[in-house]
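Presented below is the structure to which this report refers.
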Amino acid sequence: MTAQPAHDHLVTDRSLLSTKAYGTGRHLAARQSLYRWQTPSHDLPGIVVDELTGVRGAVADVGCGNGQFVARLREDCPNLFVLPMDVSHGILGAIPGAVVTDVQQLPIADGVLSAVLALHMLYHVEDQSQAVRELGRVLAPGGIAIVSTNSQADKRELEQLWRRAAGDVLGIQEGPARVQLSARFTLEDAPAILGTVFGEIRTIPLSGVIEVTDADPVVAHLASYEAWADRMGVPFRETIERARERVNETIRAEGAFRVTCLGGILVCRGTRR
Ligand SMILES: C[S@@+](CC[C@H](N)C(=O)[O-])C[C@H]1O[C@@H](n2cnc3c(N)ncnc32)[C@H](O)[C@@H]1O
């Protein structure tokens, strides 16, 4: 199941990203919090810290969102100067030293960074090739880019839940797919796109199962797509409430509602110049 092409421009619409989607960290936090119920749990900031062991100098976290990676790097890597960057002013809140900028045109000189992060953000970027060129351009020789995204198989159960709940609301078997953010830059597509700039790409796959016995975290995750509510082709709130009922039915019948997750971190080196 992939995103409908009609949704594509919505996922990259900068005015929507910097207001309804990421004008604050509320929706991102709702999506991040679902992983509290995942087994095994993956410490993503910890993995990034490990990959940066021994690296000194400056690292930019581009599309840093609410800054969970920035905070961890500042805590665990005192040898690094961390530069938080995001296109959405509001989500940067009080992150010290943050800069509002677009990854497609970084205000950074050539070859000055030891590392650059682009975590769960390239699917929002209109010209991904240009963004990847920028990641390569700002890296010093031997520099490292760390990118993350989700597989096309990630959280299939949520997509199915949405379509069935939407179908219930519309009185048909399955309603339209919801906007799918990572479909524009999946774990499967990423190596080819990154490979135009980086000669060496190592993928760290991160799989797990989310299991909830209360519908609230799943409902909060679905509701975090509110920015795209009027483009889903179905009444948004009504579909969410119908999804809640379906999750509760599954919990009553099976003891839990399960969601299989597959994401990954791509560690890129060897910038082609
Ligand atoms: C899903 S959040 C990921 C946040 C953070 N990297 C993380 O993994 O927790 C995507 C972030 O990318 C930002 N973003 C989207 N398009 C961007 C662009 N063209 N340049 C810089 N940041 C962008 C959004 O504002 C949002 O904060």
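Counting starts at 1 for both ligands and their atoms, in listed order. Computed from heavy atoms alone, side chains included, the values below leave out hydrogens, waters and symmetry copies. Because the structure is a prediction, the values reported are computed rather than measured.
Summarising the geometry, atom CD belonging to Glu51 is positioned 11.0 Å from atom CG belonging to Leu117; distances are rounded to the nearest 0.5 Å.
Ligand 1 does not have Glu126 within reach: every non-hydrogen atom of the residue lies 4.0 Å or more from it. Residue contact check for ligand 1: Leu44 places no non-hydrogen atom closer than 4.0 Å to it.
Nearest to atom 5 (C) of ligand 1 by heavy atom, out of Gly63, Gly90, Gly67, is Gly63.
The single protein non-hydrogen atom nearest to atom 20 (N) of ligand 1 is Val103 N, 2.9 Å, given as residue, atom name and distance. The nearest heavy-atom contact from the protein to atom 12 (O) of ligand 1 is Met121 CB, 3.5 Å. Taking atom 2 (S) of ligand 1 as the reference point, the nearest protein heavy-atom neighbour is His120 O, 3.7 Å. Regarding atom 8 (O) of ligand 1, its nearest protein heavy-atom neighbour is Leu119 O, 3.4 Å. Closest protein heavy atom to atom 7 (C) of ligand 1: Phe69 CE1, 3.8 Å. When only non-hydrogen protein atoms are considered, atom 22 (N) of ligand 1 lies nearest to Val87 N, 3.3 Å. Remark: minimum distance from atom 9 (O) of ligand 1 to any protein heavy atom is reached at Gln32 NE2, 3.1 Å. Of all protein heavy atoms, the one closest to atom 27 (O) of ligand 1 is Asp86 OD2, 2.7 Å.
Between the side chain of Thr24 and the backbone N or O of Arg26, at least one donor-acceptor pair lies under 3.5 Å. Checked by atom type and distance alone, the side chain of Asp61 never pairs as donor or acceptor with a backbone atom of Pro84 at under 3.5 Å. Of the possible polar contacts, one joining the Thr149 side chain to the Phe185 backbone as a donor-acceptor pair under 3.5 Å is found.
Counted within 6.0 Å of CZ on Arg237, heavy atoms from surrounding residues, nucleotides or ligands total more than 12; the atom is thus considered enclosed. Surrounding CD of Gln68 are more than 12 heavy atoms belonging to other residues, nucleotides or ligands, all under 6.0 Å away.
For ligand 1 and Asp102, the ligand atoms under 4.0 Å from any heavy atom of the residue are 18 (C), 19 (N), 20 (N). Every atom of ligand 1 is numbered from 1 in the order shown, and the set under 4.0 Å from a heavy atom of Tyr123 is 1 (C). Atoms of ligand 1 found under 4.0 Å from any heavy atom of Gly65, numbered from 1 in the order shown, are 4 (C), 27 (O). Interface atoms of ligand 1 facing Leu17, defined by a heavy-atom separation under 4.0 Å, are 15 (C), 16 (N). Taking every heavy atom of Thr101 and a limit of under 4.0 angstrom, the matching atoms of ligand 1 come to 20 (N), 21 (C). Which parts of ligand 1 touch Gln68 is read off a 4.0 Å heavy-atom cut-off, strictly below it: atoms 9 (O). With ligand atoms numbered from 1 in the order given, ligand 1 contributes 10 (C), 15 (C), 16 (N) to contacts under 4.0 Å with heavy atoms of His124. Using a 4.0 Å cut-off to heavy atoms of Val125, the atoms of ligand 1 that qualify are 19 (N).
Under the 4.5 Å side-chain contact rule for hydrophobic residues, Ile193 and Val138 share a cluster.
For Arg178 and Glu159, the salt-bridge test passes: some basic side-chain N is under 4.0 Å from an acidic carboxylate O. Looking at Arg184 and Asp189, no side-chain N of the basic residue comes within less than 4.0 Å of a carboxylate O on the acidic one, giving no salt bridge. The residues Glu245 and Arg242 are annotated as salt-bridged, a charged nitrogen and a carboxylate oxygen being separated by less than 4.0 angstrom. Electrostatic pairing of Arg246 and Glu241 does not count as a salt bridge here, judged by no charged N lying under 4.0 Å from a carboxylate O.
By the criterion of a heavy-atom distance under 4.0 Å, neither the backbone nor the side chain of Ala131 is placed next to ligand 1.
When side chains are defined from C-beta on, Pro235 counts as touching Val169, because their heavy atoms get closer than 4.5 Å.
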